[in-house]
Each structure stands twice: as structure tokens, then as C-alpha cells.
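Here the structure is laid out as C-alpha cells; the discussion comes afterwards.
Convention: sequence-line order gives letters A, B, ...; per-chain numbering from 1.
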2 protein chains.
Amino acid sequence: MISHLETPIPIHAQPVLCETELVAVLVSISNNTPHILTLDQGSAFPSGPLMVEHRSLQKGMRNWVEQQTGLKLGHTEQLYTFADPLHGRGHQMVRISYMAFIRQNSEHTLAERSIYDYFPWEDRRDRASDPLLHIIAERLRHWADNNSNRWQRCATVFGLDNHAWNDELSLQRYELLWEAGLVPESTWQNAPVLPGLSMHRDYRRILATALSRMRAKIRYTPAVFDLLPRQFTLLQLQQAMEALAGRAMHKQNFRRLVQQQKLVSRTAEYDSPTQGRPAQLYQFAPETAEHCYLAGAKLPLPAIS
Amino acid sequence: MISHLETPIPIHAQPVLCETELVAVLVSISNNTPHILTLDQGSAFPSGPLMVEHRSLQKGMRNWVEQQTGLKLGHTEQLYTFADPLHGRGHQMVRISYMAFIRQNSEHTLAERSIYDYFPWEDRRDRASDPLLHIIAERLRHWADNNSNRWQRCATVFGLDNHAWNDELSLQRYELLWEAGLVPESTWQNAPVLPGLSMHRDYRRILATALSRMRAKIRYTPAVFDLLPRQFTLLQLQQAMEALAGRAMHKQNFRRLVQQQKLVSRTAEYDSPTQGRPAQLYQFAPETAEHCYLAGAKLPLPAIS
DNA sequence: TCATATATACTCATTAAGAGCATATATAGC
DNA sequence: GCTATATATGCTCTTAATGAGTATATATGA
């Protein structure tokens, strides 16, 4: 034991007062694409001050959002806490960000903006984003120049040079583009910047964090079911997974794995399609819900890396 | 779009000032067991106020700890942010907790307490914790009584009834014991409580969060190497993984997988043992380091669930 | 009847993972 | 030299998960 560690570090030496704000990333699915609720022409998330009467942060967030919007929140998860100095005022601003899922519902369309409006390169369900990926690869190669470590990093994060695309790395991809000056938020810009909406403050970074987290979350927990209607077809489930992961999947294998997991049970009802055979409606199996959540049963998605 | 969502939620309506504190969970390995730095007879973590001059929370944490203790921090990660009302003062206390790894070093023994002093049931490397697990199982069965959902949850979280033990569920296990009144921190206690040190405030809950996170982290990133000396034997590496995961592993398979991953490279040096053949010293392969971190290359641990 | 879309049953190859057996190899101590 | 000890390595097996493909019912609207 080194001696100076035995001196307790002073607690509350000089308490610095902070303004504390809760930031909510509210996610739902519409048009087979993940959407978020935004304010200010898509450049901000709803946010509000932390109230004294909030007993816990999570409860505070839920109450506040439900009160303001009337929306019921599903799976809720703390993302990250950021701090900015408030210049000249001698105190700081702390922002605690949360992500919450909202069930798809015909009565409202919460969704204002597609997440992929902000990160067009993250939607790789079809080949439409390939040209953009090629542009990014070229611009990154130029930025990396002859720095091989830097290029190594680009290649792994963006799945170039024989590397597989890993959908959970969306935050790292955004950070890399930021460093390379390819997004308008970069302190120095390597104009022209890439397509994709930007946001105020570090909100787009928070959104990239949310995208990473939701992609990881749906793989290991049944959180997707908080985005789908109570009853859904297997195709809807697959499309929701594909929408979030930004990747297409093999239908037969998807069903094999879904039914192995016993996460869903069929109902007596059927979909009413415009054409073709009506699809059976399923529901999230309530009896195994908690069980699977905790055991880390994973939903089928192509294995990463 | 439902109409009232178009009204922006007021920002900064009534800023509530908070005291903000950084809490550090400093982890290192000694005696083949993960240890943490604690204060106040093991009942608190080092913590200190957030300073105005800290540009980012993570940097603020690093500077503050390094200044106070002289320790270099390795892998650092934000854990969770908690809030408590400060009664009668009209404002709140926000605590932002971080976990950081500290390299094993002969010059200091940072470690004051074994993590398993707080969670004796989490160390399942040998059969020594089996009797305790049996006691827990009985007490939980009594608590669950005839509530089958409740028992279902107990069984999956604690690996009872044909369920596999999942080392990453340490937080859920602690929360379950809390609910069942089997830890002294519970608001209602189901005395006698289980063995294991407790801590002030929700610090023991933060520690359970840290344990979950580090177990997940070492599986998917090379963060363990920030706990080991620069040069280490393969047995040391395996023992470090076992110490953190709380599980024993198969030596041959461990080595097969480690060498497949190409995460380590041999040095020219050897260990000097008291007995037996000297072991070759390895180092974390610097050239593939970043690569593997980002690709999510995983270190071998028995598959969960 | 045909187009369309759901639903299901298979096969096949590859890989990872868990477990075990055997056998070198290098040191200290007797 | 011999033995105990611990490192280091090679090999076989089995099982399960994964990715991909082929084929074929089945139920609707037009």
C-alpha cells in the first residue's frame, strides 16, 4: 500500500453546482426504418431540467416524457453523461442522456426523422449505400495518407480491406469521421463534408451512441418487442431487426432461430394483406419474457466481426 | 404526428442546481483476485467534486485520480449516473461513476479489498462457494414461495434448475438479493443477511455494475492487458481472465483461442519460477491492438448462458 | 388459373467450442 | 542420473451454431 493513498481524498471539498438536464432519445419504427423524435428542425432532442421531485433519474425521465407527450415508454436505458463548462458563470452543465423505445402504433406517428437521415452510411440493408461507402473509403484513405495505423483503424471500423462490417460500431464510425473532418460538427472541416443531417451540440454523437446501444441491445435482449405492435407477423419482426441492425437477413435461418428461442407464440389471428396469403400474427411470449431477458438469450442477427 | 408534440418541451424552464460528484472504481489484480481501492474501512470509493476546469468528465476523472494517487489509469469507462435528493436544500446530488483499470505492479499494492469480499457468491473458480450458493438458493426459494415468475427469475439469474451460470449477471444477482431482503442495504431485511461486506450509499450496487461491466468488457476487448504487467506468462493471462470472470477455464482450449486471436506475441524473456520449467513471457501485440479492439475480437471465456 | 406472399422442410459445409489424451521440454532438488 | 513440477504443444472427438441453398406446400386476390 503506498502511503498517500491512505489519506482519504477529500469529499465535498468545494461542491461545484451544475445545471443538470435530462436528454431523451425516443425511438420508434415506422416505414421499416428506425425514427427518432426531434425538435428544432431535427437538430435537437427533447430535453428538460432535472426536477427536485424526481426520485430517480430513470423515473424522472419517464414521468417527464409521459407527462409532456402522453407516450408510454418501453425499454429505457441510460446512455451517457456529458459535461460542458458554462463559460463565465462559474459552473457547469451536466447532460444525462437516455434512450427509450416507443411502440409502433397506428394512432400516432411519433417518428419525425429517420436515424439514417443522420447516418446514411449505417443503412446497409441494400446496396444503395455502397456508392457513399466508396466515397467515405476514398476520403478516409486520403486522410490516413501513409499513416498505416490510422488506415488500419479506418478499415476495421468501416469494414474495408476484407474486414467484415460490424453494425455495432456506429459510434466509432462517427468518431472517426469527426476526427477526419468529414462531418460539419468537426472543429476543422475537410470540406466538402459527407451527406447526413447534423445536430446541435454533441446531439449527433449521442445519437450515434444510441444507435450502437440499440443494435447491441436487440441482439441480446428482447427489447425489439417494445418497438413492435403487441401482435406482429414474423416478417414484421424480421424487418424490425433488419431496420435496427441496418442489415438484411436470411429468412429461413431467421425463423429457425426465432422459434428455437421460443420468444414468440402464435395467436389465433391473421394479418389482412392486400395480396397473397395472410400471415399469422405472433406475440412476445410473456411467460418466458423475463427468463430470456436475464439469461441473455439472443435474437438472431448475423454474428458480428 | 400528434399535435402536442410539436410544441417544444421547454428547455431550462427552471434550472435545478446539483452538486456533482465523480466516483471512481479503481480495479487491479493481486493474488489472482480482482481488488478495488476503497476508503473508510472498505465502505466507500474515492470520490470528489467535479471541477470547473475539467474539460470533459473522463479527463477530469483521470487528472483528479492521477493527481491524488500518482496512479496511471488504464482502460476507463463511465458506469452510471445516479441522483439523490438533498433533503431540505432544494437541490440534488448527482454522482457520476467511472471504472478504471490499474496495471499490476510490484511497486505498489493498490488493492485493499477483494471484489469477492463484497460478493462471495460471484467467485465460482472452485467449489468453495457452492455451500453459499445452496444457502442462497434455499433463501430465494423461500422468498419466491409459490410465485413461479419470481422463482423463474431466481433460477435463471443464479443458474439454478438446469440453468447455466452467467457471470455477466452479477448486477441482476445483487438486485435480486436486495429485493429479497438478503443484503443489509435492503430497506426491509430478511435477517439473517448473507455474508459479504456492504458499503455506504448505493456503492455496493455501483460495484456490482462494475463487476458486470468488466466481465463483459474483457470478453470483447483486450482491456485485461491494462491489468497485467507489460510482460506476462500465458498462465498469468489465463488466471487474470479466470479471476475477473470468476470461473475456471480449460488450459489447452484457452491457449488455442488466445493464439488464434493473435493478440499476444512472445518476447525473448522468461519467467523465473521457484520450481518447474520457466514460462515464456508474452506481451500484448501492439500492432494488432487497436485493430482487435475495434473489431470486437473476443478473448476466450466459456460462452455464456 | 395465376401471381403473390406466407410457411415449412430439408440438406450441406464450415466453424467454434468444450473436453480429453498424450507427450515433449526445462528447471530445482535429491 | 532421477524425480517432481510446471510449461508448452499436438492431436482427436463430439456437439452445436452458423450461413447458405433448394424445394415445396398453402392461402389469398385478381
Side-chain angles (χ1 to χ4, degrees), chain A residues 32 124 159 164-167 219-220 231-242 245 247-282 295-305, chain B residues 32 124-125 159 162 164-167 219-220 231-242 245 247-282 295-305:
Chain A
N32 283 334
R124 311 215 52 200
W165 174 265
N166 180 339
D167 52 80
R219 187 173 269 117
Y220 300 110
Q231 298 198 337
F232 48 84
T233 68
L234 291 181
L235 184 63
Q236 269 182 291
L237 175 58
Q238 180 177 347
Q239 284 172 336
M241 296 291 282
E242 289 179 333
R247 312 206 62 183
M249 298 172 57
H250 186 276
K251 186 193 267 191
Q252 291 91 325
N253 292 344
F254 180 82
R255 290 176 183 224
R256 173 174 65 185
L257 293 171
V258 161
Q259 292 177 338
Q260 266 176 11
Q261 298 291 104
K262 292 183 187 163
L263 283 170
V264 297
S265 59
R266 55 193 342 157
T267 68
E269 293 170 63
Y270 291 85
D271 195 18
S272 33
T274 53
Q275 256 184 330
R277 172 176 171 175
Q280 182 128 37
L281 287 172
Y282 286 78
K298 62 178 204 168
L299 277 163
L301 263 187
I304 62 174
S305 107
Chain B
N32 283 334
R124 311 215 53 200
R125 283 175 287 181
N162 290 329
W165 175 265
N166 180 339
D167 53 80
R219 188 173 269 118
Y220 300 110
Q231 299 199 334
F232 48 84
T233 68
L234 290 181
L235 185 62
Q236 268 182 292
L237 175 58
Q238 181 177 347
Q239 283 173 336
M241 296 291 283
E242 290 179 333
R247 312 207 64 184
M249 298 171 56
H250 186 277
K251 185 194 267 192
Q252 291 92 324
N253 291 344
F254 180 83
R255 292 178 183 222
R256 173 175 65 185
L257 293 171
V258 161
Q259 292 177 337
Q260 268 176 11
Q261 299 291 104
K262 292 183 188 162
L263 283 170
V264 296
S265 58
R266 56 194 340 157
T267 69
E269 293 171 62
Y270 290 85
D271 195 20
S272 34
T274 53
Q275 255 184 330
R277 170 175 171 175
Q280 182 128 37
L281 288 171
Y282 286 77
K298 61 179 208 169
L299 276 163
L301 264 185
I304 62 175
S305 107

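Of the candidates D/dT9, C/dT8, D/dT7, the closest approach to any side-chain atom of B/K251 belongs to D/dT7. Residue A/R255 has its side chain nearest to C/dT8 when only C/dT8, D/dT7, C/dA17 are considered. Closest contact between the side chain of B/P278 and the listed nucleotides C/dT27, C/dT8, D/dT9 involves C/dT27.
A/R256 comes within 4.0 angstrom of a base, heavy atoms only. Looking at heavy-atom distances under 4.0 Å, A/Q280 makes contact with sugar-phosphate atoms alone, never a base.
Rounded to a whole Å, the CZ atom of A/F254 is 14 Å from the C1' atom of C/dA7. If you measure from atom CG of A/L235 to atom C1' of C/dT8, you get 15 Å, rounded to the nearest angstrom. Atom CG in B/D271 sits roughly 14 Å away from atom C1' in C/dA28 (whole-Å rounding). Taking atom NE2 of B/H250 as the reference point, atom C1' of C/dA22 lies 13 Å away to the nearest angstrom. Atom CG in A/N253 sits about 13 Å away from atom C1' in C/dA9, given to the nearest Å. C/dA7 atom P lies 13 Å from atom CD of A/Q252, rounded to whole Å. In this structure, A/Q259 atom CD and C/dA7 atom C1' are separated by 9 Å, rounded to whole Å. Separating the CG atom of B/L237 from the C1' atom of D/dA8 is a distance of 15 Å, rounded to the nearest angstrom.
Below the 3.5 angstrom threshold, one finds no donor paired with an acceptor across the side chain of A/R277 and the base of D/dT28.
Taking 4.5 Å as the limit, every side-chain heavy atom of B/R247 sits out of range of all side-chain heavy atoms of B/E242. Considering only heavy atoms from C-beta on, A/Q236 stays 4.5 Å or farther from A/Y282 through its side chain.
A salt bridge links A/R219 to A/D167: one of the charged nitrogens lies within less than 4.0 Å of a carboxylate oxygen.
In terms of modelled atom types and a separation under 3.5 Å, the side chain of B/Q238 and the main chain of B/M249 share a donor-acceptor contact.
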Would A/F254 and A/M241 count as a side chain to side chain contact (heavy atoms under 4.5 Å, CB included) here? Give the steps.
CA-CA 10 Å; A/F254 180 82; A/M241 296 291 282; 4.0 Å; yes
